[in-house]
There are 2 protein chains.
Amino acid sequence: MLNEKTVSHSVECGDCPIRHRAVCARCESDELERLEEIKYYRSFEAGQTVIWSGDRMDFVGSVVSGIATLTQTMEDGRTQMVGLLLPSDFVGRPGRDGSAYDVVATTDLVMCCFRKKPFEAMMERTPHIAHRLLEMTLDELDAAREWMLVLGRKTAREKIASLLTIIARRDASLNLRTPKGAMVFDLPLTREAMADYLGLTLETVSRQISALKRDGVISLQGKRHVTVPDFSRLLEEAGDDSDGGLLA
Amino acid sequence: MLNEKTVSHSVECGDCPIRHRAVCARCESDELERLEEIKYYRSFEAGQTVIWSGDRMDFVGSVVSGIATLTQTMEDGRTQMVGLLLPSDFVGRPGRDGSAYDVVATTDLVMCCFRKKPFEAMMERTPHIAHRLLEMTLDELDAAREWMLVLGRKTAREKIASLLTIIARRDASLNLRTPKGAMVFDLPLTREAMADYLGLTLETVSRQISALKRDGVISLQGKRHVTVPDFSRLLEEAGDDSDGGLLA
DNA sequence: TCGCGCACTTGATCTGGGTCAAAGAATTTT
DNA sequence: AAAATTCTTTGACCCAGATCAAGTGCGCGA
């Protein structure tokens with residue numbers, strides 16, 4: 001249900017998710033026109049930094065394709081990923097000047113941006129946009145809090161399983177399902193990036209992935225291509241009984 | 001007169017923080033009137049549960065006095081606190097039916113509530129409210145992500161120092177400062193609640209507090225009353241160089 | 001085709017924080 | 001005032017995951 005609302009509709013709408021995510025839900029054509037006028041695209045290569053923490057950020061936008069990460073870094077170099085931006089995710093905080101995090105492209109990345117000033121002006125005139133952004137921000141808040149449970153209380157194995165669960169779900173609608181219902185997807189992150197997301201070291205990530213493979217919870221083709229023969233088994237490993245409405 | 005965005009203003013406004021936090025910033029008197037009509041108060045005793053995760057939640061509101069916590073619990077009983085609600089903090093998600101978390105009063109608690117339906121109707125009519133809520137939600141999101149760094153990458157000692165930092169800051173305006181600039185405050189949480197917030201056990205919390213005391217970073221009068229002789233020292237211990245603009 | 005670099009795996013060892021256990025201190029109940 | 005309950009501290013030991021250290025395997029440019 002989440003999927004049909006976002007993905008399929010945004011495809012109908014065109015190639016730019018912001019239309020749907022921020023506006024389309026209840027859009028009128030003149031609003032779309034106005035957004036169209038202040039819209040532009042930016043491309044980044046894998047590994048490139050979109051914006052550094054603390055830098056002035058004069059745009060908001062959303063991911064069209066590729067993957068970006070939000071990370072925080074301590075002075076001594078310890079880093080924690082605080083968000084994973086997949087296609088259609090929104091970036092930027094209306095009403096704030098600077099970025100609170102480093103935003104880095106982990107794959108080649110295309111973003112659809114709006115200069116912040118005109119976007120905010122439009123928000124003033126168009127209440128639907130503020131409502132849509134509020135809804136999206138509440139979603140992100142839920143996700144962040146969910147992740148606090150993962151970081152604070154789950155074991156390394158559960159953390160890995162939780163991450164795989166999220167990745168599998170996030171683009172479930174795009175993924176192939178084998179006849180028997182197995183799920184197949186590619187890991188969009190290096191072991192190190194996974195470690196930064198999970199509050200682990202890359203060695204522990206590697207070991208736990210090996211363990212899940214050994215125990216038949218997943219199988220790997222190459223380093224990144226994952227097959228999950230039984231998704232509910234993976235959910236169990238994640239310590240999470242709910243299936244999020246994905247299975248039915 | 002109802003246009004200043006300060007703490008003292010919310011006091012001028014009356015005894016109910018929601019006025020300020022959600023509306024007062026740019027309110028007009030008829031909006032206040034309408035809010036007044038759908039407003040009511042609820043009181044809870046220390047330890048009482050305000051609402052269980054998953055339960056239908058037909059109100060939004062804010063804390064007037066006392067402290068509440070948001071927690072998530074796994075089936076096996078592991079719990080993680082995902083939010084700490086202090087006076088003036090907002091609770092509830094416009095547009096959502098159920099609570100995502102257990103909300104528990106850790107002290108005697110008074111909340112100012114609005115039935116959700118009329119509140120949402122008012123949001124539709126009054127764009128300022130949606131803007132204010134968006135701003136507040138973005139603040140909460142920042143806080144949650146900041147906490148992800150604490151949970152994922154900080155040591156037990158740093159975690160304790162980080163929590164003390166937050167508590168000291170949160171009500172800095174209300175706190176006494178001794179002539180020499182020391183900060184004094186009461187811990188509003190048990191050791192167990194602190195552990196749940198920090199992803200630790202209560203034993204580790206106790207040990208690290210003892211260690212900070214031994215090392216002169218803090219001193220305790222009784223179990224709960226804390227004196228911080230040098231706040232920048234505490235910030236250092238938290239692994240956080242910024243002073244958040246508090247010292248000047 | 002070689003060799004270099006990067007992402008990943010695996011092993012050996014160490015340690016921070018968890019677990020289990022006992023006992024103080026502060027409050028409330030009887 | 002004694003007893004019970006709840007919160008906290010402290011000690012002894014253990015283990016999950018970190019750290020340190022080799023390797024493996026694959027892609028890519030020369």
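Only a predicted model underlies this, so the values are computations on that prediction, with no experimental measurement involved. Chain naming here is simple, since letters A, B, ... match the order of the sequence lines and numbering starts at 1 in each.
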C:dT15 C1' sits how many Å from B:Gln208 CD, rounded?
-> 13 Å
Between C:dT10 (P) and A:Leu202 (CG): distance, integer Å = 13 Å
Kindly indicate whether the side chain of A:Arg207 and the base of D:dT19 share any N or O donor-acceptor pair separated by less than 3.5 Å?
-> yes
A:Thr155 has its side chain closest, among D:dG17, C:dC8, C:dT19, to D:dG17
Given that A:Leu189 and A:Arg153 both sit by DNA chain C, which one's nearest nucleotide is further toward the 5' end?
-> A:Leu189
Would you check, one step at a time, whether the test salt bridge (Lys or Arg N to Asp or Glu O under 4.0 Å) holds for B:Arg157 with B:Asp215?
-> CA-CA 12 Å; B:Arg157 173 185 265 243; B:Asp215 298 343; 2.2 Å; yes
Any salt bridge between B:Glu158 and A:Arg78, counting N to O under 4.0 Å?
-> yes
Identify which nucleotide among C:dT9, D:dT10, C:dC8 has an atom closest to any side-chain atom of B:Ser206, counting heavy atoms from C-beta outward.
-> D:dT10
Looking at every strand, decide which applies to A:Gly199 at a 4.0 Å heavy-atom threshold: base, sugar-phosphate, or nothing.
-> sugar-phosphate
Whole Å only: how far is the NZ atom of B:Lys154 from the P atom of C:dG16?
-> 18 Å
Of B:Thr79, B:Asp76, B:Asp196, the residue whose pairing with A:Arg153 passes side chain to side chain donor-acceptor pair (under 3.5 Å) = B:Asp196
Respond yes when some side-chain nitrogen or oxygen of B:Thr190 is under 4.0 Å from OP1 or OP2 of D:dT6, and no when none is.
-> no
Nearest-angstrom distance from the residue atom NE2 of A:His225 to C1' of C:dA7 | 18 Å
Per A:Leu200 side chain, nearest of listed nucleotides C:dA7, D:dA18, D:dC7 | D:dA18
In whole Å, what is the span from the CZ atom of B:Arg214 to the P atom of D:dT9?
-> 13 Å
Does the pair B:Glu203/B:Arg207 count as a salt bridge with the N-to-O cut at 4.0 Å?
-> no
Candidates C:dG18, C:dA25, D:dG17 - which lies nearest the side chain of B:Lys223 = C:dA25
Separation of C:dT19 atom P from B:Asp76 atom CG, nearest Å, is 11 Å
Give A:Thr201 one of three labels, base, sugar-phosphate or nothing, depending on what nucleic acid heavy atoms sit under 4.0 Å from its own.
-> base
Any B:Thr204 side-chain nitrogen or oxygen under 4.0 Å from OP1 or OP2 of C:dG18 | yes
Is there a donor and acceptor pair closer than 3.5 Å between the side chain of A:Glu203 and the base of D:dC20?
-> yes
Ring centres of B:Trp147 and B:Tyr197 under 6.0 Å apart?
-> yes
Whole Å only: how far is the CE atom of A:Met194 from the P atom of D:dG17?
-> 15 Å
For A:Arg224 and C:dC8, is the shortest distance between a side-chain N/O and OP1 or OP2 below 4.0 Å?
-> yes
Determine whether any donor atom in the side chain of A:Arg157 lies under 3.5 Å from an acceptor atom in the base of D:dG17, or the reverse, and answer yes or no.
-> no
Cationic N near anionic O, under 4.0 Å, A:Lys154 to A:Asp240 = no
Length of the line joining B:Leu220:CG and D:dC7:P, which is rounded to integer Å = 18 Å
